[in-house]
Amino acid sequence: MIIVKTEQEIDVLREPCAIVRDTLAYVGSLVRPGVTTQELNDRAEAYIRSRGAIPSCLGYCGYPAGICASVNEEVVHGIPGPRVLREGDIVSIDLCAYKNGFHGDGARTFAVGQVDEEKSKLIRVTEECFWKAVENLRAGTPLYDIGAAVQKHAEENGFSVVREYVGHGIGREMHEDPSVPNYGKRGTGVRLRAGTVLCIEPMILAGDRRVRVLADGWTAVTQDKRPAAHYENTLVVREDGVEILTL
(Lines give C-alpha, C1' and ligand atoms only; values in the text may rest on other atoms or scores of the structure.)
Protein backbone atom coordinates (compact mmCIF):
# COMPACT_ATOMS: atom_id res chain seq x y z
CA MET A 1 0.00 0.00 0.00
CA ILE A 2 1.45 3.34 -1.07
CA ILE A 3 1.07 5.86 1.75
CA VAL A 4 0.50 9.36 0.36
CA LYS A 5 1.92 11.92 2.79
CA THR A 6 0.12 15.02 4.01
CA GLU A 7 1.78 18.43 3.75
CA GLN A 8 2.26 18.36 7.51
CA GLU A 9 4.08 15.02 7.27
CA ILE A 10 6.22 16.31 4.39
CA ASP A 11 7.20 19.31 6.49
CA VAL A 12 8.38 16.96 9.26
CA LEU A 13 10.31 14.91 6.67
CA ARG A 14 12.33 17.94 5.67
CA GLU A 15 14.54 17.85 8.75
CA PRO A 16 15.79 14.24 8.57
CA CYS A 17 16.29 14.71 4.83
CA ALA A 18 18.34 17.86 5.44
CA ILE A 19 20.45 15.92 7.94
CA VAL A 20 21.05 13.23 5.28
CA ARG A 21 22.04 15.90 2.77
CA ASP A 22 24.46 17.56 5.15
CA THR A 23 25.95 14.28 6.39
CA LEU A 24 26.65 13.13 2.84
CA ALA A 25 28.40 16.43 2.11
CA TYR A 26 30.40 16.12 5.33
CA VAL A 27 31.45 12.53 4.68
CA GLY A 28 32.34 13.43 1.10
CA SER A 29 34.74 16.07 2.42
CA LEU A 30 36.51 13.36 4.45
CA VAL A 31 37.05 10.94 1.56
CA ARG A 32 40.73 10.77 0.66
CA PRO A 33 43.49 8.17 0.33
CA GLY A 34 44.44 6.72 3.71
CA VAL A 35 41.08 7.05 5.46
CA THR A 36 39.26 3.88 6.52
CA THR A 37 35.60 3.19 5.92
CA GLN A 38 35.24 2.76 9.70
CA GLU A 39 36.46 6.32 10.22
CA LEU A 40 33.86 7.55 7.73
CA ASN A 41 31.19 5.60 9.57
CA ASP A 42 32.19 6.92 12.99
CA ARG A 43 32.31 10.53 11.84
CA ALA A 44 28.96 10.18 10.03
CA GLU A 45 27.27 8.59 13.05
CA ALA A 46 28.58 11.31 15.34
CA TYR A 47 27.39 14.02 13.00
CA ILE A 48 23.90 12.53 12.63
CA ARG A 49 23.57 12.29 16.41
CA SER A 50 24.85 15.84 16.84
CA ARG A 51 21.83 16.95 14.84
CA GLY A 52 19.46 15.16 17.21
CA ALA A 53 18.80 12.28 14.84
CA ILE A 54 19.50 8.53 14.86
CA PRO A 55 21.35 6.65 12.09
CA SER A 56 18.52 4.50 10.76
CA CYS A 57 20.81 1.84 9.27
CA LEU A 58 22.33 0.86 12.63
CA GLY A 59 20.62 -2.34 13.76
CA TYR A 60 18.21 -2.43 10.80
CA CYS A 61 17.57 -6.17 10.30
CA GLY A 62 20.82 -6.68 12.20
CA TYR A 63 22.96 -4.36 10.08
CA PRO A 64 26.02 -3.54 12.23
CA ALA A 65 26.91 0.02 11.18
CA GLY A 66 25.49 3.51 10.85
CA ILE A 67 26.20 3.89 7.13
CA CYS A 68 26.90 1.69 4.13
CA ALA A 69 30.31 2.22 2.54
CA SER A 70 30.74 0.27 -0.70
CA VAL A 71 34.14 0.38 -2.42
CA ASN A 72 34.83 -0.28 -6.11
CA GLU A 73 33.11 -3.58 -7.04
CA GLU A 74 30.88 -3.40 -3.95
CA VAL A 75 27.45 -2.29 -5.18
CA VAL A 76 25.52 -1.65 -1.97
CA HIS A 77 25.47 -2.50 1.74
CA GLY A 78 29.23 -2.53 2.22
CA ILE A 79 29.94 -2.77 5.95
CA PRO A 80 32.44 -0.16 7.22
CA GLY A 81 35.61 -1.55 8.74
CA PRO A 82 39.42 -1.35 8.61
CA ARG A 83 39.59 -1.14 4.81
CA VAL A 84 41.84 1.76 3.81
CA LEU A 85 40.73 3.82 0.82
CA ARG A 86 43.42 4.10 -1.82
CA GLU A 87 44.10 6.50 -4.66
CA GLY A 88 41.89 5.54 -7.60
CA ASP A 89 39.14 3.86 -5.55
CA ILE A 90 35.53 4.94 -5.61
CA VAL A 91 33.31 4.66 -2.53
CA SER A 92 29.52 4.81 -2.37
CA ILE A 93 28.11 6.17 0.89
CA ASP A 94 24.46 5.33 1.61
CA LEU A 95 22.92 6.61 4.83
CA CYS A 96 19.63 7.35 6.55
CA ALA A 97 18.62 9.58 9.44
CA TYR A 98 15.59 9.22 11.71
CA LYS A 99 14.12 12.19 13.51
CA ASN A 100 10.65 13.23 14.68
CA GLY A 101 9.17 9.92 13.54
CA PHE A 102 10.39 10.03 9.94
CA HIS A 103 13.36 8.79 7.93
CA GLY A 104 15.43 10.47 5.23
CA ASP A 105 17.67 8.52 2.86
CA GLY A 106 20.37 9.36 0.33
CA ALA A 107 23.54 8.10 -1.33
CA ARG A 108 26.50 9.49 -3.25
CA THR A 109 29.56 7.96 -4.89
CA PHE A 110 32.88 9.71 -4.31
CA ALA A 111 36.19 9.44 -6.11
CA VAL A 112 39.22 8.80 -3.89
CA GLY A 113 41.86 11.08 -5.34
CA GLN A 114 42.29 10.70 -9.10
CA VAL A 115 40.30 7.87 -10.69
CA ASP A 116 40.49 6.33 -14.15
CA GLU A 117 38.24 7.34 -17.02
CA GLU A 118 35.83 4.42 -16.58
CA LYS A 119 35.18 5.15 -12.92
CA SER A 120 34.83 8.87 -13.57
CA LYS A 121 32.27 8.22 -16.30
CA LEU A 122 30.45 5.69 -14.10
CA ILE A 123 30.01 8.21 -11.28
CA ARG A 124 28.80 10.86 -13.72
CA VAL A 125 26.37 8.61 -15.59
CA THR A 126 24.93 7.20 -12.36
CA GLU A 127 23.97 10.68 -11.19
CA GLU A 128 22.67 11.51 -14.68
CA CYS A 129 20.43 8.43 -14.46
CA PHE A 130 18.76 9.97 -11.41
CA TRP A 131 18.09 13.23 -13.24
CA LYS A 132 16.76 11.38 -16.28
CA ALA A 133 14.40 9.49 -13.94
CA VAL A 134 12.91 12.66 -12.45
CA GLU A 135 12.94 14.76 -15.61
CA ASN A 136 9.31 13.99 -16.47
CA LEU A 137 8.17 12.66 -13.09
CA ARG A 138 4.99 14.21 -11.69
CA ALA A 139 1.56 13.17 -10.42
CA GLY A 140 0.07 10.68 -12.87
CA THR A 141 3.41 9.28 -14.08
CA PRO A 142 3.41 5.46 -14.29
CA LEU A 143 5.78 4.01 -11.69
CA TYR A 144 7.95 2.04 -14.10
CA ASP A 145 8.71 5.09 -16.22
CA ILE A 146 11.29 5.84 -13.52
CA GLY A 147 13.24 2.64 -14.06
CA ALA A 148 12.81 2.79 -17.83
CA ALA A 149 14.57 6.17 -17.87
CA VAL A 150 17.39 4.92 -15.63
CA GLN A 151 17.91 1.77 -17.68
CA LYS A 152 17.87 3.59 -21.02
CA HIS A 153 20.51 6.12 -20.01
CA ALA A 154 22.74 3.55 -18.31
CA GLU A 155 22.66 1.14 -21.23
CA GLU A 156 23.15 3.89 -23.80
CA ASN A 157 26.42 4.62 -21.99
CA GLY A 158 27.55 0.99 -22.04
CA PHE A 159 26.65 0.23 -18.41
CA SER A 160 24.10 -2.07 -16.76
CA VAL A 161 21.58 -1.83 -13.93
CA VAL A 162 21.07 -4.05 -10.91
CA ARG A 163 17.82 -6.04 -10.77
CA GLU A 164 18.06 -7.35 -7.19
CA TYR A 165 18.13 -3.97 -5.41
CA VAL A 166 15.62 -1.17 -5.90
CA GLY A 167 14.49 2.22 -4.68
CA HIS A 168 11.48 2.51 -2.41
CA GLY A 169 8.93 4.62 -0.64
CA ILE A 170 9.92 6.15 2.68
CA GLY A 171 8.33 7.89 5.66
CA ARG A 172 7.64 6.53 9.10
CA GLU A 173 9.39 3.35 7.94
CA MET A 174 12.73 3.37 6.16
CA HIS A 175 11.36 1.12 3.41
CA GLU A 176 7.76 1.53 2.34
CA ASP A 177 5.79 0.74 -0.80
CA PRO A 178 6.27 1.08 -3.68
CA SER A 179 9.43 -0.66 -4.79
CA VAL A 180 11.12 1.48 -7.45
CA PRO A 181 13.22 -0.64 -9.84
CA ASN A 182 15.99 0.86 -11.96
CA TYR A 183 14.63 -0.93 -15.03
CA GLY A 184 11.19 -1.28 -16.52
CA LYS A 185 8.79 -0.70 -19.39
CA ARG A 186 7.61 2.84 -19.95
CA GLY A 187 3.87 3.36 -19.52
CA THR A 188 3.42 0.53 -16.99
CA GLY A 189 2.90 0.42 -13.24
CA VAL A 190 0.63 2.30 -10.87
CA ARG A 191 0.18 5.99 -11.62
CA LEU A 192 1.82 7.95 -8.85
CA ARG A 193 -0.16 10.44 -6.79
CA ALA A 194 0.92 13.84 -5.57
CA GLY A 195 2.34 13.53 -2.04
CA THR A 196 4.03 10.18 -2.69
CA VAL A 197 7.53 10.19 -1.18
CA LEU A 198 10.13 8.09 -2.97
CA CYS A 199 13.80 7.20 -2.78
CA ILE A 200 15.06 6.94 -6.34
CA GLU A 201 18.50 5.35 -6.35
CA PRO A 202 20.24 4.28 -9.54
CA MET A 203 22.78 1.51 -8.87
CA ILE A 204 24.82 1.27 -12.03
CA LEU A 205 27.48 -1.28 -12.96
CA ALA A 206 30.39 -0.82 -15.34
CA GLY A 207 30.12 -4.41 -16.54
CA ASP A 208 27.67 -7.29 -16.30
CA ARG A 209 24.56 -6.80 -14.16
CA ARG A 210 24.98 -10.00 -12.13
CA VAL A 211 25.80 -9.58 -8.44
CA ARG A 212 26.39 -11.80 -5.44
CA VAL A 213 26.34 -11.29 -1.67
CA LEU A 214 29.49 -11.90 0.37
CA ALA A 215 29.70 -14.16 3.41
CA ASP A 216 28.91 -11.22 5.73
CA GLY A 217 25.31 -11.50 4.49
CA TRP A 218 25.15 -7.84 3.42
CA THR A 219 27.78 -6.70 0.95
CA ALA A 220 26.60 -7.06 -2.66
CA VAL A 221 29.42 -7.17 -5.21
CA THR A 222 29.60 -7.44 -8.97
CA GLN A 223 30.35 -10.97 -10.13
CA ASP A 224 32.80 -9.70 -12.76
CA LYS A 225 34.54 -7.46 -10.18
CA ARG A 226 34.00 -4.36 -12.32
CA PRO A 227 33.13 -1.17 -10.39
CA ALA A 228 29.67 0.03 -9.41
CA ALA A 229 28.23 3.41 -8.42
CA HIS A 230 25.16 4.58 -6.47
CA TYR A 231 23.26 7.87 -6.31
CA GLU A 232 20.07 8.47 -4.30
CA ASN A 233 17.74 11.21 -3.18
CA THR A 234 14.47 11.35 -1.23
CA LEU A 235 11.80 13.30 -3.09
CA VAL A 236 8.12 14.20 -3.12
CA VAL A 237 5.98 13.71 -6.23
CA ARG A 238 4.12 16.95 -6.95
CA GLU A 239 1.39 17.86 -9.43
CA ASP A 240 3.89 19.63 -11.67
CA GLY A 241 7.16 17.79 -10.95
CA VAL A 242 9.18 16.72 -7.94
CA GLU A 243 10.52 18.35 -4.79
CA ILE A 244 13.88 16.85 -3.81
CA LEU A 245 14.29 16.85 -0.04
CA THR A 246 17.93 15.69 0.18
CA LEU A 247 19.39 18.48 -1.98
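In this text the structure is predicted, and so the values were computed from the model without any measurement. Positions are given from 1 along the sequence.
- Here the closest non-hydrogen pair linking Thr246 and Cys17 is CG2-O, 3.6 Å.
- Cluster membership for Val91 and Leu30, using ILVMFWY side-chain heavy atoms within less than 4.5 angstrom, is shared.
- Within 6.0 Å of CZ in Arg210 there are 12 or fewer heavy atoms belonging to other residues, nucleotides or ligands.
- Applying side-chain hydrogen bond (donor to acceptor under 3.5 Å, both in side chains) to Ser56 and the options Lys99, Glu173, His103 leaves one that passes, His103.
- With contacts defined as side-chain heavy-atom distances shorter than 4.5 Å, the pair Thr126/Thr109 does not qualify.
- The main-chain N or O of Ala133 is never found under 3.5 Å from a side-chain atom of His153 such that the two would form a donor-acceptor pair.
- When hydrophobic clusters are built by joining Ile, Leu, Val, Met, Phe, Trp and Tyr residues whose side-chain heavy atoms come closer than 4.5 Å, directly or via intermediates, Val237 is grouped together with Phe130.
- Looking only at side-chain heavy atoms (C-beta outward), Asn41 and Thr37 stay at 4.5 Å or farther from each other.
- Arg193 places none of its side-chain heavy atoms less than 4.5 Å from the side chain of Ile2.
- Side-chain contact annotation: Asp105 with Thr234, donor-acceptor N/O pair under 3.5 Å absent.
- Within a 6.0 Å sphere centred on NZ of Lys152, other residues, nucleotides and ligands contribute 12 heavy atoms or fewer.
- Between Leu198 atom CG and Ile170 atom CD1 the span is 10.0 Å, to the nearest 0.5 Å.
- At a cut-off of 3.5 Å, with distance as the only test, a side-chain donor of Tyr26 or Arg43 sits close to an acceptor on the other residue.
- For the atom pair CD1 of Ile123 and CD of Glu127, the computed distance is 10.0 Å after rounding to the nearest 0.5 Å.
- The one candidate from Arg138, Arg238, Lys5 that meets the salt bridge (Lys or Arg N to Asp or Glu O under 4.0 Å) condition with Glu243 is Arg238.
- Although no hydrogens or angles enter the test, the distance criterion places a donor-acceptor pair under 3.5 Å between the side chain of Glu87 and the main chain of Gln114.
- Contact check for Val211 versus Leu205: side-chain heavy atoms found under the 4.5 Å cut-off.
- Taking every heavy atom of both residues into account, Ser92 and Ala229 meet most closely at OG-CA, 4.0 Å.
- No continuous path of hydrophobic side-chain contacts links Leu137 to Val150 [ILVMFWY only; heavy atoms under 4.5 Å].
- For the pair Leu143 and Leu192, the minimum side-chain heavy-atom distance is below 4.5 Å.
- Other residues, nucleotides and ligands place no more than 12 heavy atoms under 6.0 Å from the CD atom of Gln8.
- Residues Glu15 and Arg51 fail the side-chain proximity criterion, which asks for heavy atoms closer than 4.5 Å.
- Using a distance-only test at 3.5 Å, with no hydrogens or angles considered, no donor-acceptor pair links the side chain of Lys132 to the main chain of Ala154.
- With Lys119 contributing its side chain and Ala111 its backbone, the two residues share no donor-acceptor pair below 3.5 Å.
- With hydrogens and angles left out, the side-chain atoms of Tyr165 and His77 include no donor and acceptor closer than 3.5 Å.
- Taking each heavy atom of Thr188 and Pro142 in turn, the nearest pair found is O-CB, 3.3 Å.
- For the pair Arg186 and Tyr144, the cation does not sit on the ring face, since its NZ or CZ is not both under 6.0 Å from the ring centre and inside 45° of the axis.
- Within the 4.5 Å cutoff, side-chain heavy atoms of Asp94 are placed close to those of Glu201.
- Taking all atoms of both residues into account, the shortest heavy-atom contact from Ala69 to Ile93 is CB-CD1, 3.9 Å.
- Distance check, rounded to the nearest 0.5 Å: CZ of Arg21 to CZ of Arg14 gives 11.5 Å.
- Asn182 places no side-chain N or O within 3.5 Å of a backbone atom of Gly147 that could act as its donor or acceptor partner.
- Here the straight-line distance linking atom CH2 of Trp131 with atom CD1 of Ile200 works out to 10.5 Å at 0.5 Å rounding.
- Using a 4.5 Å heavy-atom cutoff, the side chains of Asp22 and Tyr47 are in contact.
- Looking only at distances, a side-chain donor or acceptor of Gln151 sits under 3.5 Å from a matching main-chain atom of Gly184.
- Note that CZ of Arg108 and CG of Leu95 are 9.0 Å apart. Values are rounded to the nearest 0.5 Å.
- Ile90 and Val75 end up in different hydrophobic clusters when Ile, Leu, Val, Met, Phe, Trp and Tyr side chains are linked at under 4.5 Å.
- Rounded to the nearest 0.5 Å, atoms OH (Tyr183) and OG (Ser160) are 13.0 Å apart.
- No continuous path of hydrophobic side-chain contacts links Phe159 to Val162 [ILVMFWY only; heavy atoms under 4.5 Å].
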